[in-house]
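Keep in mind that the numbers below use all heavy atoms, side chains included, and drop hydrogens, waters and symmetry copies. Here is how names work: the chains are called A, B, and so on, in the same order as the sequence lines, proteins then strands, and each is numbered from 1.
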2 protein chains.
Amino acid sequence: MKVIITGGFGFLGLHVCKRILAVGELVGADESPHVVRKLVLFDAGSPPKDLPEDSRIEIRVGDITNADEVKSLFDEDGIVVFHLASVMSGQGEKDFDICWKVNVEGTRNLLEPCRVRRDCKLIFASSGACFGERPEGPEMDTTKLLPHTSYGMTKACMELVINDFTRRGFVDGRVARLPTVIPRPEPNSGLPAAFSDVLREPLRGRPAVLRLRPDMRHAVCGYRVLVRNLIHLANLPAAAFAESIDRCMNMPSLSVTLQDLQKSLASVVKDPSMLGSISYEPDAELCAKLSTFHQNMDATRARALGMMGDSSASAIAADFAAEYVDPLLLKPVVEIYEEPRHWLAFSNEHVRVFRVENPPGDTTLMHVHRFDSLYFFFTAAKVQGTKLNEEAKDDTLSCGEVRYGDHGNCLLTHKIHNKGPPVMMCLDVELAGFQSDGNDAPATKRVRIEADSSRLPPGLRLTKERPGANVHNLDLAAGTSWAGRIPFARALFVVHRGAHVRGGLGDRLLKPGDVFFREGPIDMKLEVMGTRRDVALWVVELLY
Amino acid sequence: MKVIITGGFGFLGLHVCKRILAVGELVGADESPHVVRKLVLFDAGSPPKDLPEDSRIEIRVGDITNADEVKSLFDEDGIVVFHLASVMSGQGEKDFDICWKVNVEGTRNLLEPCRVRRDCKLIFASSGACFGERPEGPEMDTTKLLPHTSYGMTKACMELVINDFTRRGFVDGRVARLPTVIPRPEPNSGLPAAFSDVLREPLRGRPAVLRLRPDMRHAVCGYRVLVRNLIHLANLPAAAFAESIDRCMNMPSLSVTLQDLQKSLASVVKDPSMLGSISYEPDAELCAKLSTFHQNMDATRARALGMMGDSSASAIAADFAAEYVDPLLLKPVVEIYEEPRHWLAFSNEHVRVFRVENPPGDTTLMHVHRFDSLYFFFTAAKVQGTKLNEEAKDDTLSCGEVRYGDHGNCLLTHKIHNKGPPVMMCLDVELAGFQSDGNDAPATKRVRIEADSSRLPPGLRLTKERPGANVHNLDLAAGTSWAGRIPFARALFVVHRGAHVRGGLGDRLLKPGDVFFREGPIDMKLEVMGTRRDVALWVVELLY
């Protein structure tokens with residue numbers, strides 16, 4: 001398979017490139033993984049010095065507004081294009097023509113050869129800047145796009161065009177409406193640049209003078225989760241979008257103020273006095289402009305399709321510090337929600353679920369587990385775990401494995417390196433409402449709802465008994481139905497293998513790692529649609 | 001002033017042309033009327049035979065996708081462009097490229113010279129086809145545009161572009177999102193063509209075979225009201241749009257089924273047996289496609305800005321029969337709501353208000369007034385009235401004149417010819433809840449609310465006493481405030497001269513002919529904003 005990344009020399013482009021090369025494959029039009037043989041970085045600028053050395057990379061310096069140049073990239077079918085090249089908002093306001101040429105005509109130049117070739121996918125980076133005038137409240141996928149910038153206008157037009165190309169079968173388009181990715185490692189001309197400056201400059205020991213008010217709210221995300229989401233979006237089956245003609249969706253983000261970011265920074269660095277100073281010199285016009293941008297993007301659809309969000313602004317700050325400045329700036333141990341590979345997937349007063357995705361060769365920050373936790377592993381992976389002040393130890397994880405850590409009694413402080421491939425993927429289910437009493441006996445009777453508590457519905461098999469939780473397996477074959485009364489006071493359903501289901505978990509495609517919390521007694525019905533794919537669930541009985 | 005109409009040889013283009021020539025002037029960027037010296041009809045086709053002979057018309061056969069040709073039209077500042085040229089939905093689905101070239105690049109070719117010139121206005125015909133996937137209920141101006149056709153996609157893109165051009169001051173753009181204009185006098189390739197066929201073919205004595213289901217709903221309008229609305233939109237002050245960055249709005253329409261239209265036809269013709277037969281042979285694919293189109297376009301914003309809608313489907317059918325087939329096909333007298341120059345502006349159980357706009361040289365159909373009515377005249381006009389079976393009589397109307405007709409006792413059946421210029425404009429206020437008892441004495445005491453009913457608030461001057469209603473004048477100078485308790489049980493406020501007001505009629509720009517119904521006692525406050533324009537109101541006291 002051939003992959004093209006436009007804007008390939010840019011910050012996001014290079015990270016997408018590295019992540020694809022690390023994993024080595026992408027899902028094609030036939031919905032199977034294909035080995036990436038060639039990855040073209042197409043960009044107008046000069047190639048960056050930190051380009052990975054990899055024979056699969058092909059450098060193409062070119063002009064996206066030149067249709068012939070762009071067309072020459074399409075020398076086979078089934079190409080996957082990540083179209084990230086774009087004129088940004090600031091430049092677009094200064095120069096309408098270049099904005100139109102690059103963002104509209106450039107995108108059309110990519111779409112046309114996709115239409116001539118067969119089975120191409122195009123993943124397009126749209127922007128929250130499409131939201132300008134809008135009603136109060138979060139920006140929804142269903143909110144009308146009335147941008148206040150030419151940049152946003154061109155992105156909104158391309159959303160329409162890509163939907164239409166997809167409807168007509170010219171291309172398989174998928175559009176990620178991006179929050180502002182922070183921090184960019186270099187200053188840029190985008191209107192929300194201050195949201196990068198507030199992290200980058202102090203971490204680099206330089207003063208930041210911000211031209212926005214400290215209380216200005218904006219929807220942001222870190223690059224790591226976004227790169228993961230773009231590739232996840234590319235890999236989804238086309239059927240995942242069938243409910244709507246709209247292939248465009250808000251990516252998960254955090255709604256933060258500059259002040260929030262300033263605080264998040266202070267909370268992860270070892271010595272806040274080393275940070276460059278931050279001062280605010282708000283520019284009224286810039287503030288007015290930015291206030292029309294995305295402040296709180298609702299990503300319900302994207303999350304249901306498996307896109308993830310950063311757990312905290314601190315995680316974004318920590319990630320940038322570790323990757324781009326100096327890991328030693330950080331405090332030696334971060335909390336889980338400050339660890340940038342741990343993405344909060346679900347939380348309430350009883351449980352907190354993080355999804356961990358660690359690509360090959362990557363290492364988490366040293367982080368601390370403070371609650372009894374269940375770990376569900378979704379990939380077979382060879383990893384190296386290093387506990388605080390201990391030697392690194394190799395470990396092998398198998399797909400479908402479930403572990404329990406009684407960190408409520410004994411903190412676990414560690415970092416994990418993935419010796420990969422593949423991506424190491426697991427769920428950390430923190431039993432946040434459980435207080436261990438040091439007694440290992442299962443406390444089942446305390447929390448089951450019905451008198452004859454030993455009577456579980458058929459199919460539910462107890463596979464793990466631990467102080468805070470029991471884990472039961474429930475396997476359902478394709479095309480079958482299951483119904484039963486589950487007598488647990490509280491349960492978390494974790495999907496191991498998924499299929500399209502109807503019933504008590506909704507009418508949806510279950511995917512590995514999806515979680516559902518239910519309070520009991522739970523009258524559960526599940527119908528597994530189709531004849532090809534089975535469903536395997538873990539039913540976690542919370543014993544508190 | 002120079003005017004350009006693209007698609008100028010088309011059905012709508014020619015009607016816009018004739019109407020502009022008849023009126024002779026349009027409002028320019030300075031918000032004053034300017035004489036139209038030249039009117040360019042730009043079109044790719046061959047000029048129609050029924051082109052009006054007028055020295056102001058310039059014929060330009062050309063290709064809108066040729067930027068140089070289009071640019072050459074812009075040889076002065078302050079041009080008003082009506083951009084109606086477009087590839088339609090059916091053709092657009094067959095040929096994506098021509099749809100993009102004409103609808104997107106063609107529009108850009110017009111916008112660019114506007115940007116180079118100063119003070120140009122561009123009135124763009126968008127389409128209800130922009131609405132594809134959408135929530136249940138009427139299509140709102142705030143509904144996200146997710147078109148199901150390439151045609152709709154190109155229109156939605158151009159809405160975005162024109163908003164952006166307007167925001168940047170490149171052009172003063174105004175976009176009318178059109179319902180389907182019916183009937184087109186000639187068959188066309190649009191997906192909703194059956195909504196024209198169902199009227200045109202039977203009226204021409206030909207059988208109509210419709211490829212849609214009889215119960216399929218669609219939002220339609222007649223050409224007359226639309227032409228009027230497009231010119232009204234062009235003439236509005238830019239400040240009228242200030243509340244939103246969105247210059248695009250749904251035009252008023254009727255939500256009808258094919259069956260409704262079929263019935264409307266039968267109700268206005270003299271002899272339904274002369275009509276060609278109608279049969280339905282629904283095509284599943286076409287039905288599915290059309291069901292994604294506009295069914296019920298909400299035009300609250302357009303109506304508040306003075307755009308009007310047809311009173312009934314019968315009025316549309318009657319207008320087409322009279323104009324395009326043979327007036328003798330129609331029954332000799334139509335109801336007011338079947339008369340295509342009478343547009344329903346407001347109605348409830350007490351009053352029914354029609355706005356009548358009769359351009360110079362035009363004649364209404366013979367129609368009947370059945371209720372006591374007040375007539376408010378907004379232009380000085382020389383007209384010729386012809387009562388049924390009587391000779392024509394000249395009449396002179398003056399601006400601000402108010403008349404009363406006791407048609408409840410004695411029907412008025414007449415037609416009015418405008419010997420113009422200007423457009424004859426009046427409001428017919430039907431006292432629909434009033435039953436005349438043949439006694440002419442004012443019945444004021446019956447319906448005033450407060451004991452001391454003779455005490456009207458200061459400023460309110462009784463100027464007309466009639467059986468069904470008293471008319472009071474209320475004049476308010478620019479920059480002043482007025483407050484008073486109006487003791488009427490029910491009143492209609494009719495705006496004679498308007499300005500921006502705040503208070504009991506809302507925060508809005510009052511325009512001549514705006515009406516507001518209130519039930520008493522009415523504690524009215526009015527603040528006339530600005531220092532330039534006074535407000536003059538008629539307060540109609542309903543005596544029943």
Portion of D164(B) that has a non-hydrogen atom of chain A nearer than 4.5 angstrom = side chain
Considering only heavy atoms, which portion of F165(A) lies under 4.5 Å from any heavy atom of chain B: side chain, backbone, both, or neither?
-> side chain
Kindly indicate whether the side chain of L160(B), heavy atoms from C-beta on, has any atom under 4.5 Å from the side chain of E159(A).
-> no
Side chain / backbone / both / neither for P135(B) at chain A, heavy atoms under 4.5 Å | neither
Minimum side-chain heavy-atom gap H148(B)-I245(A) below 4.5 Å = yes
Identify the heavy atoms of K144(B) and D141(A) that sit nearest to each other, and give their distance.
-> NZ-O, 2.9 Å
With chain B, the option among T292(A), N163(A), V104(A), V161(A) that has the most non-hydrogen atom pairs under 4.5 Å is V161(A)
With a 4.5 angstrom heavy-atom cut-off, which part of S244(B) approaches chain A: side chain, backbone, both or neither?
-> both
Of the non-hydrogen atoms in D95(B) and R168(A), which two are nearest, and what is the gap between them?
-> N-NH2, 4.3 Å
Measure R108(B) against the heavy atoms of chain A and call it side chain, backbone, both or neither at under 4.5 Å.
-> side chain
Proximity breakdown for S150(B) and chain A, heavy-atom pairs closer than 4.5 Å = both
What is the distance from atom CG of L146(B) to atom CZ of R167(A), rounded to the nearest 0.5 Å?
-> 12.0 Å
